[in-house]
Trainee: 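Sharing a structure here in structure tokens format.
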Amino acid sequence: MADATSEAVAARGRARWFDRRRSVWRSKTTRHDAGEVVLGQRRVYILPTGAGIGFAALLLCLLIGSINYSLGLGFGLTFIAAACAVVDMVATWRNLAHLRLRPGRAPAVFAGEDAPFELQVLNRTALARYAVWLDFDNKLEPRHAVDVAPGSSASVMLVAPTRTRGWMRAPRVRLLTRFPLGLFRAWSYWLPDSRALVYPFPEQDAPPLPMHGRPSPDGVGSAGSDDFAGVRSYQPGDPLRHLAWRQIARLDPGYGGQLVTKQFEGGAIDELLLDFDALPPRLDLELRLSRMTRWVLEAEQRALPYGFRLGRLHYDPALGSAHQDACLRALALYGIAEDA
Amino acid sequence: MKWSGTPALRLTAPLSRDKQDTLLLVASTVLVLLPHASHLPLWVSLVCGATLAWRAALTLLGRRMPKNLVLMPIAALAMFGVLHTYHTLLGRDAGVAMLVLLVAFKMLEMHARRDLFVVIFLCFFLVLTNFFYSQGIFTAVLMLASLALLLTTQLSFQLTGAIPPLRARLWMGTRMLALSMPLALFAFVLFPRIEGPLWGMPDDAHGAHSGLSDTMSPGQMSNLAQSEEVAFRVKFDGAAPPQPQLYWRGPVLGNYDGHTWTRVHELGRRRPQPLSISVNGVPLRYRVTMEPSNARWLFALEIPQSLPSLPGHLVSVSGELEIQSDTPVAERIRYDMASYTNFSLQAADRLENRAQWLLLPYGSNPRALAAGQALRREPDPARRVGAVLRQFATGGFVYTLQPPLLGDDSVDEFLYDTRAGFCEHYAGAFVFLMRAAGVPARVVTGYQGGELNPVDGYLIVRQSDAHAWAEVWLPGRGWVRVDPTSMAAPDRLRRSAAQVLPPQSPFGIPGLGRLLQPSPDSLLAKLRFAIGAANNGWNQWVLNYTPERQRGLVERLERSLLHWQSVALVAAAVLLLLAGRKFARRRRTDPIDALYSALCQRLGQLGLPRAPDEGPTAYAGRVANANLPPETSSAAGEFLRRYSAHRYGRGQSGSPPALLPTLKDLLSRVR
């Protein structure tokens, strides 16, 4: 009885130990490389290049020549050359190992554009690294090379094409080096913990902005852009598009030669509301998002304050890059979990 | 005016990277090809030089490389030139010439990165082919320089953005070479050696014959005596015997045609002769390292106990105790020998083939013949020998390297007119007189003496130690060695010929030779001995590191390494190294920081990794809110608070001694 109990305990202990080891192992292999990553010994792989295989053939030739002609010094040359290849192998490996990698900025882009990912390669060792090539894994041959002096860092902007809106994770990055002699190729993979926001593609030839007239509550016309109402002197904040260039060009001393702004009366329009639900529901969802995106951009371009409504989200009319980014972000992530 | 300025400007402007690399490649190719110029026909060197200069000019001026249509005829012409010079394209020398030209032309036809590797690999091979012609220490130094430059070139081509200055790159290449040395040495000593050749070698694989020939005529030995080349080196087990005993026996000459002594024809001894030898005492044991002579003779002290065993050679001994191999000695060989210096040879009362050792050419040297026949009145042959030797000792004979030229009756002229000669004159005249006097006699050639190098204990026998002496057969005593030269120049046996002979006068200035010839104790002599020892060590351990030598060394290594003391020593050294490394690593990081990162790692395993931009306080806040066991949470929080206070708190430089154990304790509670 006691035996069985103790055995069961031992088995449970073993199982627990095994579980723990497995979870550690799993976290090691499938972990997204959060934050800064060190290219440890086990992450750097190495194989000879074509030139390396050629060098092996050369070594064989040297050895056969030395044996056949009994060249004592030839043996010396052969072994020195072979040892140089070994030293090169270690040097190539060391050129990549113990580098630290850190994801940098990843600015938002529109679908269809190339998303740039900034990646930083840090060298905290005392060894200067030369000719480290890196690119996303899907490229046949890496196209970007960096050199990292000891204690410094280098940053590279890699671009990946985007197709759909939402979050885009950086694809797997391959680092590769053949330095110093080119006889070996050492490489490593890195899945950077970096994501870029992809806005929907702005629809081409979208219908004009939905200018639904709506009287302002207090009946007082606020500044709009419909009807030209005259000019006034420039005040900071006026859109450049509204500058009255013709008047400025005249440099009329009566106006003091200053900048003047055209003034419009938009009496009929109070605000521009970009309402997702107002779009015809028979349209494809992506097309509707696409149209909203175009409209946001257009309103921003024309400096028309716009309100924004998408599902339960509602932004008051405003203008400016913060407002635009919030709207575009909402469009990009519509129907997508924030953390995806 | 317009033209004069532009090229100078181009040359002084900083070169682009590609151009720098190409010039570096040209420089390393030049360094690799330069030693080949010593053996290549002049036109090949000139063509190569012109081609490389062309390539350098193209690079500097930024011109395009010539089209293949231009290169092809030139290459074909060069190939025809090789064929014309060597009458073949397949031999060793012709092959090397072709390879040299190939590398030079390939420099003009480089388009891809692959071509660069081709050129560099060919250069490696050309470094090897240079060893066909020279394997001295200087060649080895040149090889290392070439390798360093080749490695520098190769790594320069791998660089992309940042280009270190040339000196830094040279340092990188040299450093790689230096790092490869221990491994190369290990492989050199322990890589299993195979005895070559693997296949038949071309006929021109070996150079010309040097050293003793198997004929002797007046003037021949004295030519050889002026060569300081090493014939062989000897290492004795124990002390070397005194100089007068060192007679290295070579070809024995028994036929005389009035001018030249030659060996007895093979026909004359078709039947194996019964050879009776009796020896006394213990044999001298020694090891001979013979330089390639391209002759078949092997040298040993009189008289060898057994035949040396030489892989690849069939060694035999003749009735005159000449040791020879079936094939010419084309490589440096090493053999162990044992010789009895106290012996008697064919000490019977009768000599088989006695007449053969009494033959004289008809009608030559009448005066010597008459003098010899006059000696026959003396009944005891030993006394006849003594009489002739006395004549040499007292007759006013001079030992000289530059004897007067002799006519047809050379023995007569030497004995009665000029009385000046080198060892071949004395030995030849002596044997002639002995035969005329009815005593069987023969000329023995070989080397006498040698120079003991005090640095490494090797006895160096040079071509200048070549010597000729005589053997006479006396009833009951057998063949007895007689050295008539020693009668005229008693010092010859104690010192080398070069030291006994009056010094020559370089540039016709008398006395200059004495100045140039170092006395044995001078610094110059010591330097010469040191260089000699280095050369010999080089030959013994690098150039002639044969499978046998390797086996011997490995056995010795095994014996010494498997001893428990050495095993313990190695283990201790490894442990010390590891401990030192660990210690150094720990010293480098602050112990408190190490604990902090350990904590972060442990919390990360618990599902709470620290964000890279998170400070300890913010982290502590996150840890406190996380769903961790209260014990863990409080310990981690306390740890982080203390760490933060230590790291960022005011006025606390250096760690209080109590902090470290506290943090350790807290860390152990985080689980």
Side-chain angles (χ1 to χ4, degrees), chain A residues 20 23-24 27 31 34-36 49-52 54-55 57-59 61-88 90-92 102-103 128-133 144-149 154 177-183, chain B residues 92 113-114 117-118 121 124-125 127-129 131-132 135-136 139-140 143-144 147 151 154-155 157-162 164 172-173 176-177 179-188 191 193-199 201 205 331-332 538-539 541-546 605 609-613:
Chain A
R20 214 161 46 225
S23 76
V24 166
S27 74
R31 182 170 49 199
E36 196 172 296
T49 57
F55 194 76
L58 168 76
L59 288 179
C61 289
L62 291 179
L63 184 66
I64 290 176
S66 303
I67 291 175
N68 203 43
Y69 288 93
S70 297
L71 300 173
L73 203 49
F75 280 108
L77 172 71
T78 310
F79 296 138
I80 290 175
C84 278
V86 174
V87 170
D88 173 56
V90 176
T92 304
R102 197 159 62 185
R129 316 300 179 100
Y130 293 99
V132 175
W133 294 82
H144 302 271
V146 292
D147 306 289
V148 202
T177 187
R178 297 188 205 88
F179 189 80
L181 294 188
L183 305 179
Chain B
R92 192 192 68 179
R113 173 149 295 196
R114 206 191 51 220
F117 280 114
V118 168
F121 291 178
F124 269 99
F125 201 77
V127 172
L128 179 85
T129 55
F131 302 154
F132 293 148
Q135 292 197 74
T139 312
M143 167 191 89
L144 290 179
L147 283 183
L151 292 179
Q154 207 174 338
L155 72 85
F157 274 88
Q158 288 295 328
L159 287 168
T160 50
M172 282 173 169
M176 281 195 78
L177 195 64
L179 285 174
S180 73
M181 279 302 164
L183 192 61
L185 185 72
F186 183 80
F188 188 87
F191 187 87
R193 291 299 180 85
I194 304 164
E195 192 80 48
L198 299 175
W199 62 81
M201 285 201 250
E331 70 282 347
R332 190 174 287 107
W538 180 254
N539 292 343
W541 288 104
V542 177
L543 303 187
N544 206 20
Y545 187 69
T546 52
Q605 283 170 2
R610 184 176 75 89
D613 52 353

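So that the names make sense, note that chain A is the first sequence line, chain B the second, and so on, each numbered from 1. These figures come from a predicted structure and were not determined experimentally.
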Trainee: Does any non-hydrogen side-chain atom of A:I80 lie less than 4.5 Å from one of B:L147?
Mentor: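 Yes; the side chains approach each other to less than 4.5 Å.
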Trainee: Between A:F79 and B:F186, is the ring centroid distance below 6.0 Å?
Mentor: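 Between B:F186 and A:F79, which both carry aromatic rings, the centre distance is not below 6.0 Å.
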Trainee: Considering only heavy atoms, which portion of B:L144 lies under 4.5 Å from any heavy atom of chain A: side chain, backbone, both, or neither?
Mentor: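 Just the side chain, heavy atoms under 4.5 Å.
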Trainee: Check whether B:M143 gets within reach of chain A through its side chain, its backbone, both or neither, counting any heavy atom under 4.5 Å.
Mentor: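 Just the side chain, heavy atoms under 4.5 Å.
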Trainee: Taking C-beta and beyond as the side chain, do B:M176 and A:P180 meet within less than 4.5 Å on heavy atoms?
Mentor: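 Sidechains of A:P180 and B:M176: in contact.
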Trainee: Give me the atom names and distance for the closest heavy-atom approach of A:L77 to B:F124.
Mentor: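 That closest heavy-atom pairing would be CD2-O, 3.8 Å.
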Trainee: Test A:D88 against B:Q154 for side chain to side chain contact (heavy atoms under 4.5 Å, CB included), laying out the working first.
Mentor: CA-CA 11 Å; A:D88 173 56; B:Q154 207 174 338; over 6 Å; no
Trainee: Quick one: are A:F55 and B:F117 in side-chain contact, heavy atoms under 4.5 Å?
Mentor: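 SC-SC contact between A:F55 and B:F117 ruled out.
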Trainee: Where do A:T177 and B:Q158 land on the side chain to side chain contact (heavy atoms under 4.5 Å, CB included) test, with the steps shown first?
Mentor: CA-CA 9 Å; A:T177 187; B:Q158 288 295 328; over 6 Å; no
Trainee: Tell me every residue that passes ring pair (Phe, Tyr, Trp, His ring centres under 6.0 Å) with A:Y130, counting only those two or more places apart in sequence or in another chain.
Mentor: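 With sequence neighbours excluded, A:Y130 shows a ring pair (Phe, Tyr, Trp, His ring centres under 6.0 Å) to A:F179, given in chain and number order.
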Trainee: I need the residue from A:G50, A:A81, A:A82, A:G54 with the largest number of non-hydrogen atom pairs under 4.5 Å to chain B.
Mentor: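 So the answer, after comparing A:G50, A:A81, A:A82, A:G54, is A:G54.
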Trainee: B:R193: which residues meet the side chain to side chain donor-acceptor pair (under 3.5 Å) condition with it, sequence neighbours left out?
Mentor: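 Per chain and number, B:R193 pairs via side chain to side chain donor-acceptor pair (under 3.5 Å) with no residue.
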Trainee: So A:V86 and B:S180, do their side chains get closer than 4.5 Å, heavy atoms only?
Mentor: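 Result no, sub-4.5 Å side-chain heavy-atom pair not found.
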Trainee: Between A:L58 and chain B, which part of the residue has a heavy atom less than 4.5 Å away: side chain, backbone, both or neither?
Mentor: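 Contact with chain B involves the side chain of A:L58 alone.
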Trainee: Could you check whether B:Y545 and A:F75 have their ring centres less than 6.0 Å apart?
Mentor: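 No - the distance between ring centres of A:F75 and B:Y545 does not fall below the 6.0 Å cut-off.
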Trainee: Please look at A:A51 and chain B and tell me whether the side chain, the backbone, both or neither of the residue comes under 4.5 angstrom of a heavy atom of that chain.
Mentor: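 For A:A51, backbone and side chain are both near chain B.
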Trainee: Where on B:W538 is there a heavy atom nearer than 4.5 Å to chain A: the side chain, the backbone, both, or neither?
Mentor: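 Only the side chain of B:W538 comes within 4.5 Å of chain A.
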Trainee: Measure the shortest side-chain to side-chain distance between B:L128 and A:Y69 over non-hydrogen atoms and say whether it is less than 4.5 angstrom.
Mentor: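 They are not in side-chain contact.
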